[in-house]
Participant: 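I have a structure here, written as structure tokens, and I will follow up with some questions on it.
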Amino acid sequence: MARMTLAVHSQVYSIHSFSPDAPIAPEIFHQEMFFVGKTKDELSVVVPAELTLDSIEEEKGWRCLEVIGPLGFSMTGILSSVSGTLADSDISIFALSTFDTDYILVKKDKLAEAITALKKKNFIIIEY
């Protein structure tokens with residue numbers, strides 16, 4: 001596999017949990033970047049930390065590492081490679097994927113440690 005580049009976003013994010021039947025607040029859709037995931041059991045939302053939402057639970061203080069893409073669907077092991085490297089350093093993640101690429105959220109107090117671990121495995125890290 002070629003050396004992979006990850007871009008560190010400057011934004012801090014929060015992860016919110018809602019009941020699956022909760023309405024999705026319209027202001028979410030006006031954010032520069034957001035993720036909404038819904039199943040029969042839950043509704044999860046990732047938004048910039050400044051946005052206050054009336055959620056059941058909120059996990060604050062996440063930073064984002066973006067795998068520079070686009071990544072083809074035939075490419076395998078990308079998320080596994082990043083998450084495995086971070087797991088080996090006892091760094092928890094919250095992973096998200098889009099059609100084009102993957103995003104890995106780590107707690108902001110673990111970001112420097114995550115970058116160090118990834119660089120040791122020859123990942124290229126840039127700042128957005």
Participant: Does Asp54, at its CG atom, have more than 12 non-hydrogen atoms belonging to other residues, nucleotides or ligands within less than 6.0 Å?
Facilitator: no
Participant: Just jot down the side-chain contact (heavy atoms from CB on, under 4.5 Å) partners of Ala112, sequence neighbours excluded, or say none.
Facilitator: none
Participant: Under a single-linkage definition using a 4.5 Å side-chain heavy-atom cutoff for Ile, Leu, Val, Met, Phe, Trp and Tyr, are Ile104 and Trp62 assigned to the same hydrophobic cluster?
Facilitator: no
Participant: Closest heavy-atom contact between Gly61 and Val12?
Facilitator: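 Closest pair (atom of Gly61, atom of Val12, distance): CA-CG1, 3.8 Å.
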Participant: Is there any side chain to side chain donor-acceptor pair (under 3.5 Å) pair reaching into residues 4-16, and which pairs are they, with sequence neighbours excluded?
Facilitator: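 Output for this query lists His9-Glu66, Gln11-Glu50, Ser14-Glu58, His16-Ser55.
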Participant: State plainly whether one hydrophobic cluster holds both Val82 and Ile93, where clusters connect Ile, Leu, Val, Met, Phe, Trp and Tyr through side-chain heavy atoms under 4.5 angstrom apart.
Facilitator: yes
Participant: With a 4.5 Å limit on heavy-atom distance, are the side chains of Leu118 and Leu65 in contact?
Facilitator: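 When only atoms from C-beta onward are counted, Leu65 and Leu118 do touch, with a gap below 4.5 Å.
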Participant: Quick one, Glu113 and Leu86 - any side-chain contact, counting heavy atoms below 4.5 Å?
Facilitator: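 Side-chain contact under 4.5 Å: no.
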Participant: Any pair with a residue in residues 40-61 that passes ring pair (Phe, Tyr, Trp, His ring centres under 6.0 Å), sequence neighbours left out, goes on the list, sorted by first then second residue, please.
Facilitator: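 Qualifying pairs: none.
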Participant: Do you know which two heavy atoms are closest between Ser97 and Asp102, and how far apart they sit?
Facilitator: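 Of all heavy-atom pairs spanning Ser97 and Asp102, the closest is OG-OD1, 2.6 Å.
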Participant: Applying a strict under-4.5 Å side-chain criterion to I, L, V, M, F, W and Y, I'd like to know whether Val106 and Ile125 cluster together.
Facilitator: yes
Participant: Assess whether side chain to side chain contact (heavy atoms under 4.5 Å, CB included) is satisfied between Cys64 and Met33, documenting all intermediate values.
Facilitator: CA-CA 11 Å; Cys64 180; Met33 187 166 119; 3.9 Å; yes
Participant: Taking the side chain as every heavy atom from C-beta outward, state whether Ile91 and Thr85 have any atom pair closer than 4.5 Å.
Facilitator: no
Participant: Apply ring pair (Phe, Tyr, Trp, His ring centres under 6.0 Å) to Phe18 and list each qualifying residue two or more places apart in sequence or on a separate chain.
Facilitator: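 For Phe18 there are no ring pair (Phe, Tyr, Trp, His ring centres under 6.0 Å) partners, ignoring immediate neighbours.
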Participant: What distance do Met4 atom CE and Ile124 atom CD1 have between them, rounded to the nearest 0.5 Å?
Facilitator: 10.0 Å
Participant: Kindly write out the residues that satisfy ring pair (Phe, Tyr, Trp, His ring centres under 6.0 Å) with Phe123, not counting sequence neighbours, or none if the list is empty.
Facilitator: none
Participant: Hey, what do you get for CG (Asp88) to OG (Ser83), rounding to the nearest 0.5 Å?
Facilitator: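 Going from CG on Asp88 over to OG on Ser83, the span is 9.5 Å.
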Participant: Do Val36 and Leu53 share a hydrophobic cluster, counting only Ile, Leu, Val, Met, Phe, Trp and Tyr and linking them when any side-chain heavy atoms are less than 4.5 Å apart?
Facilitator: yes
Participant: Heavy atoms only: give me the nearest Ser19-Leu43 pair and the separation to one decimal.
Facilitator: O-CB, 3.7 Å
Participant: Mind checking salt bridge (Lys or Arg N to Asp or Glu O under 4.0 Å) for Glu59 and listing every partner two or more places apart, or none if nothing turns up?
Facilitator: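 Counting only residues at least two positions away or on another chain, Glu59 forms a salt bridge (Lys or Arg N to Asp or Glu O under 4.0 Å) with Lys107.
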Participant: For Asn122, what residues pass the side-chain hydrogen bond (donor to acceptor under 3.5 Å, both in side chains) criterion, not counting sequence neighbours?
Facilitator: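 If we apply the side-chain hydrogen bond (donor to acceptor under 3.5 Å, both in side chains) test to Asn122, skipping adjacent residues, there are no hits.
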Participant: Closest heavy-atom contact between Ile68 and Tyr128?
Facilitator: CD1-OH, 3.4 Å
Participant: Sort and list the pairs that fulfil ring pair (Phe, Tyr, Trp, His ring centres under 6.0 Å) and have at least one residue in residues 32-52, not counting sequence neighbours.
Facilitator: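 Qualifying pairs: Phe29-Phe34, Phe35-Tyr103.
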Participant: Among Val45, Leu96, Val47, Val46, which residue satisfies the side-chain contact (heavy atoms from CB on, under 4.5 Å) criterion with Ile15?
Facilitator: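 Result for side-chain contact (heavy atoms from CB on, under 4.5 Å) with Ile15: Val46.
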Participant: Considering only residues two or more places apart or on different chains, which pairs with a residue in residues 37-48 satisfy side chain to side chain donor-acceptor pair (under 3.5 Å)?
Facilitator: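 Checked against side chain to side chain donor-acceptor pair (under 3.5 Å) - neighbours excluded - the pairs reaching residues 37-48 are Glu42-Ser44.
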Participant: For a quick test of reading the model, state the closest non-hydrogen atom pair linking Val8 to Arg63 and the distance between them.
Facilitator: CG1-NH2, 3.5 Å
Participant: Taking side-chain contact (heavy atoms from CB on, under 4.5 Å) as the test, write out the residues that go with Glu57, two or more places apart.
Facilitator: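 Listed in chain order: Ser17.
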